[in-house]
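What follows is one structure encoded as C-alpha cells, with my remarks underneath.
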Amino acid sequence: MPSSSSSSPNNYSTKILASILFAILLILCAGAGYGEAQLSPTFYDKDCPNATSIVRAVIEEALQTDLRIAASLTRLFFHDCFVNGCDGSILLDNSSTIDSEKGALPNNNSARGFDVVDNIKTALETACPGIVSCADILAISAEESVSLSGGPSWTVLLGRRDSTTANRTAANEALPAPSFTLDELKASFAAVGLDTTDLVALSGAHTFGRAQCQFFSDRLYAFNSTGSPDPTLNSTYLETLSALCPQSGNGSVLADLDPSTPDGFDADYFSNLQVHYGLLQSDQELFSTSGADTVDIINSYSANQSAFFESFVISMNKMGNISLLTGTDGEIRLNCSKVNEDTYGSSATLIAEY
Ligand code: HEM
Ligand SMILES: *[C@@H]1O[C@H](CO)[C@@H](O)[C@H](O)[C@H]1NC(C)=O
Ligand SMILES: *[C@@H]1O[C@H](CO)[C@@H](O)[C@H](O)[C@H]1NC(C)=O
Ligand SMILES: *[C@@H]1O[C@H](CO)[C@@H](O)[C@H](O)[C@H]1NC(C)=O
Ligand SMILES: *[C@@H]1O[C@H](CO)[C@@H](O)[C@H](O)[C@H]1NC(C)=O
Ligand SMILES: *[C@@H]1O[C@H](CO)[C@@H](O)[C@H](O)[C@H]1NC(C)=O
Ligand SMILES: *[C@@H]1O[C@H](CO)[C@@H](O)[C@H](O)[C@H]1NC(C)=O
Ligand SMILES: *[C@@H]1O[C@H](CO)[C@@H](O)[C@H](O)[C@H]1NC(C)=O
Ligand SMILES: *[C@@H]1O[C@H](CO)[C@@H](O)[C@H](O)[C@H]1NC(C)=O
Ligand SMILES: *[C@@H]1O[C@H](CO)[C@@H](O)[C@H](O)[C@H]1NC(C)=O
Ligand SMILES: *[C@@H]1O[C@H](CO)[C@@H](O)[C@H](O)[C@H]1NC(C)=O
C-alpha cells in the first residue's frame, strides 16, 4: 500500500509529461503544414500511393461504354468547387440533414457521373480504407478525364476533406446559367476569386460533352424576347440545331457542345466561337460581346492549343483551391453520397475523422 501511494503521483506526472509531449508533437505536425489550408501533390503518397491510377482505371472502364463520362466528371468538379468550395458537397444525397445540391436547377436531371464516382470510391476504399476524400476524387477525376480525352495532364494538388453539409440554395445562386451575359459570367467567376482569363480558359471545357436542347433552344426561336433567333448564332448551325431541337419538342435531347470533335479535349471550342458555333449563349457571349476583353484570349487559344492547355491547367488549379476544408476540418466520407454520421452513426464519425 505505501508503495502504491508513492508510485501513483509518479504515474500521474508521467501521464502529464506524455500528454505534453503528445501536444507538442501535434503542434509540430500542424507547423509542418498538416493543419494549414495548403494542398500537396504528394498528399497520398504514403497512405494511398496508387490513388491516381485507381481513379484512372475506373474511368477507363466507364469510357468503354460511355464516351461522355469524361465530360460529365469534369463538370462535377466545377459544380462542386463553385458551391461553398471543393468539398464533395455535390455528391451528397437528400437525407434528414442534407438538402441535396443534386436538386438545384443547374444539376437536376443534368449533373451525371455519380455512379462512376461511387465505383471509384469503392475501389479506393478497398485499396486504402478511409484515406482518400470524395472532394479529391473529383479533382483527380477531372484531371484524368481531361488527359484521357486528349487534353493536358497535370499534377493534381491534394488534401481536400469532405463537407458534412450541402446547400441547394447556394448551388442555385453560385452556378452560372447558360443564359448569362458576359458581365454576369464575370461576376459569377469573380465571386469565387476567378478572373476573366480563368473564365475563358475554363469555358474551354465545353470542348467535350453534351447539352440538352432546353438550355439553348431560346436562342433558336425567341431569343431575348425578340421572337427571332440569336443573331450571334451561325445560320448554318442554327439550321442544324433547329432540326435537332424543334420548338416545343423534347427538351432533354442532347447536342454536342463541340460539334467538330464531340469527345476530344482540344482548342476547337475557341475556333468554333470564331465562326459563331458556340452552343450556349454563355459560350458565344465570350466572343460576340462587342469590345470584350475576352476576344483576344479566345483568338490566342484558337491559334495555339498549347497556350490553351497551359492556361486551363493553371485555372483548374485555381478552381480546385476554392474554400477548402483541410487538416482536421470536415471528414473523409466513407460513402460519397452520405455524411459518415448517416452511414455509421455518430461514433463512426469520430473514428473516421482521424
Ligand atoms: C461559364 C459558365 C458555364 C455555364 C453557364 C455552363 C453551363 C453548362 C450547361 C447548361 C451545360 C449542359 C448541361 C446539360 O445539358 O445537362 C454544360 C455542360 C458542361 N459543362 Fe459547363 N458551364 C459553364 C462553365 C463550365 C466550366 C467552368 C466547366 C469545367 C471546367 C464546364 C464543364 C462542362 C462540361 C464538361 C459539360 C458537358 C457535361 C456532360 O456532357 O455531361 N462548364 N455546362
Ligand atoms: C500499385 O499498383 C501496382 C500496379 O498497378 C502494383 O504492382 C502495386 O502493388 C500497387 N501498390 C499498392 C501499394 O497497392
Ligand atoms: C430533395 O428533397 C427536396 C425536398 O426536400 C426535393 O425538392 C428534391 O427534389 C430532393 N432532391 C433529390 C435529388 O431527390
Ligand atoms: C428535379 O426534377 C424532377 C423531375 O425529374 C422533379 O420531380 C423534381 O421536383 C426536381 N427537383 C427540384 C428540387 O426541383
Ligand atoms: C445556404 O446558402 C444560402 C445562399 O448562399 C445562404 O443564405 C444560407 O444561409 C445557407 N444555408 C446554410 C444552412 O448555410
Ligand atoms: C436583350 O435585350 C435587351 C433590351 O432590348 C438588350 O439591352 C440586351 O443587350 C439584349 N441581350 C442580349 C444578350 O442580346
Ligand atoms: C426525350 O429525350 C430523352 C433523351 O433523348 C429521352 O431519354 C426521353 O425518353 C425523351 N422523352 C420523351 C417524352 O420522348
Ligand atoms: C458560319 O459557319 C461557316 C462554316 O459552317 C463559316 O464558313 C462562316 O464563316 C460562318 N459565318 C459566320 C458569320 O461566322
Ligand atoms: C504557344 O503557347 C505556348 C505556351 O504558352 C508557347 O510556349 C509557344 O511559344 C506558343 N507558340 C506560338 C507559335 O506562339
Ligand atoms: C491556394 O490558396 C491558398 C490560400 O487560400 C494560397 O496560399 C495558395 O497559394 C493557393 N494555391 C493555388 C495553387 O492557387
Ligand atoms: C452509398 O450509399 C448509397 C445511398 O445510401 C447506397 O445506395 C450505396 O450502395 C452506398 N455505397 C456503398 C459502396 O456502400
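Note that these values count all heavy atoms, side chains included, but never hydrogens, waters or copies made by symmetry. Counting starts at 1 for both ligands and their atoms, in listed order. We number each residue from 1, following the sequence as shown.
Judged purely by distance below 3.5 Å, without hydrogens or angles, the side chains of Q284 and D230 never pair a donor atom with an acceptor atom.
Taking the charged nitrogens against the carboxylate oxygens, D198 and K318 do have a contact shorter than 4.0 Å, which makes a salt bridge. For the pair R168 and E101, the salt-bridge criterion is not met [side-chain N within less than 4.0 Å of a carboxylate O]. Using a cutoff of 4.0 Å between basic side-chain nitrogens and carboxylate oxygens, D136 and R161 are not scored as salt-bridged. Salt bridge annotation for D93-K338: absent, with no cationic side-chain nitrogen under 4.0 angstrom from a carboxylate oxygen. For D283 and R219, the salt-bridge test fails: no basic side-chain N is under 4.0 Å from an acidic carboxylate O.
For atom 2 (O) of ligand 3, the nearest protein heavy atom lies under 4.0 Å away. Distance screen at 4.0 Å: atom 14 (O) of ligand 6 has a protein heavy-atom neighbour inside the cut-off. The nearest protein heavy atom to atom 7 (O) of ligand 7 is not closer than 4.0 Å.
Among protein heavy atoms, the minimum distance from atom 11 (N) of ligand 7 is reached at N250 ND2, 2.8 Å. Atom 10 (C) of ligand 6 has its closest protein heavy atom at N224 ND2, 2.3 Å. Closest to atom 9 (O) of ligand 3, if we only count protein heavy atoms, is N94 ND2, 4.8 Å.
Distances below 4.0 Å separate heavy atoms of Q281 from the following atoms of ligand 6: 13 (C). Each of the atoms 13 (C), 14 (O) of ligand 6 lies under 4.0 Å from some heavy atom of F223.
Residue E285 has no nitrogen or oxygen atom sitting less than 3.5 Å from a nitrogen or oxygen atom of ligand 6, judged on distance alone. Between S252 and ligand 7, not a single N/O pair is under 3.5 Å apart.
A distance of 10.0 Å separates CZ in F208 from CG in L257, rounded to the nearest 0.5 Å.
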